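On a predicted model such as this, the values are computed, not experimentally measured, just so you know. Chain identifiers are assigned alphabetically (A, B, ...) following the order of the sequence lines, protein sequences preceding nucleic acid strands; residue numbering begins at 1 within each chain.
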2 protein chains.
Amino acid sequence: MEQVFDDAFFMKKALSEAQVALEKGEVPVGVVVVAKNTIIARAHNLTEALTDVTAHAEMQAITAAANSIGGKYLQGCTMYVTLEPCSMCAGALYWSQISRLVFAAEDPKRGYRQQGTLLHPKTEVAAGVLAPEASALLHAFFKQKRD
Amino acid sequence: MEQVFDDAFFMKKALSEAQVALEKGEVPVGVVVVAKNTIIARAHNLTEALTDVTAHAEMQAITAAANSIGGKYLQGCTMYVTLEPCSMCAGALYWSQISRLVFAAEDPKRGYRQQGTLLHPKTEVAAGVLAPEASALLHAFFKQKRD
């Protein structure tokens, strides 16, 4: 059967990363960065493990993707992330000049759109891809925290 | 002679970090993070050396300060930075809940205030401390680039 490399395909990979974060007791957010239908970086949130507020999945993935490419700009790359990026991560994406951002669940409280932070004008955005699956992981995490 | 630990004293330390960046061919921005009149983190911009847009001085200093403290929140800390932070760094400072931010030169183009990015409501801000000295380093860098 031929593999279809569509947005849902790559978002599932990002969801797998988020699942790993959940199992580690981290807020479950996962990322993959894709260039020419190839995953060049994967990451999940590690703020608790690293005791570092900057260790969001997106930040790690930007660093890893630049390392993979051998250049600091991510033109031609797409980031798939399971939650709408915060201002920090959107600011980093701005500097990276990434070509495309695809996110799953919206973050009405801390998302970059709510905060008014701008992406690079050349970055295309698609929202809501597999949002229910991403939200389910986040709800599982916060329920686990409460119980 | 008694040493006065005022904002100018610590901003001079941040300017020394910016000077190191300049000598390495990096955009000259330097940071120190201070807790109880002690410098717990120093950093300068390393985006070129690390080929990483996330390697702003502030991001490195937040990670280093959290490491020094052994906790991810920078309550009780002050960051001295020679240039107004961008949205990425302001977003990171937001998550850190840092108590005070002191910056030297304004950045009317990429500064967080222009972009509308919010700091944490508990973060006090002081702007303009040794701004001429910080601007002189930035001008020296861009002149060097043009020549």
For A:A92, is it the side chain, the backbone, both, or neither that has a heavy atom closer than 4.5 Å to a heavy atom of chain B? both

Tell me whether B:L46 shares a hydrophobic cluster with B:M79, the cluster being built from Ile, Leu, Val, Met, Phe, Trp, Tyr side chains joined at under 4.5 Å. no

Given the rule that I, L, V, M, F, W and Y join up when any side-chain heavy atoms are under 4.5 Å apart, are B:F103 and B:L118 in one cluster? no

N/O donor-acceptor pairs between chain A and chain B, cut-off 3.5 Å:
from	atom 1	to	atom 2	distance (Å)
A:E48	OE2	B:K72	NZ	2.5
A:D52	OD1	B:T63	OG1	3.4
A:D52	OD2	B:T63	OG1	2.9
A:T54	OG1	B:T63	OG1	3.3
A:T63	OG1	B:D52	OD1	3.4
A:T63	OG1	B:D52	OD2	2.9
A:T63	OG1	B:T54	OG1	3.2
A:K72	NZ	B:E48	OE2	2.5
A:Y94	OH	B:R110	NE	3.0
A:Y94	OH	B:R110	NH1	2.8
A:Y94	OH	B:R110	NH2	3.0
A:R110	NE	B:Y94	OH	3.0
A:R110	NH1	B:Y94	OH	2.8
A:R110	NH2	B:Y94	OH	3.0
A:T117	OG1	B:T117	OG1	3.0

If I compare all heavy atoms of B:M59 with all of A:M88, which pair ends up nearest, and what's the gap? CE-SD, 3.8 Å

From the list B:V53, B:L50, B:I69, the residue making the most non-hydrogen contacts under 4.5 Å with chain A is B:V53

Under 4.5 Å, counting heavy-atom pairs only, tell me which of A:A55, A:G91, A:A66 racks up the most with chain B. A:G91

Is there a path of hydrophobic side-chain contacts, each under 4.5 Å between heavy atoms, that joins B:L130 and B:V20? no

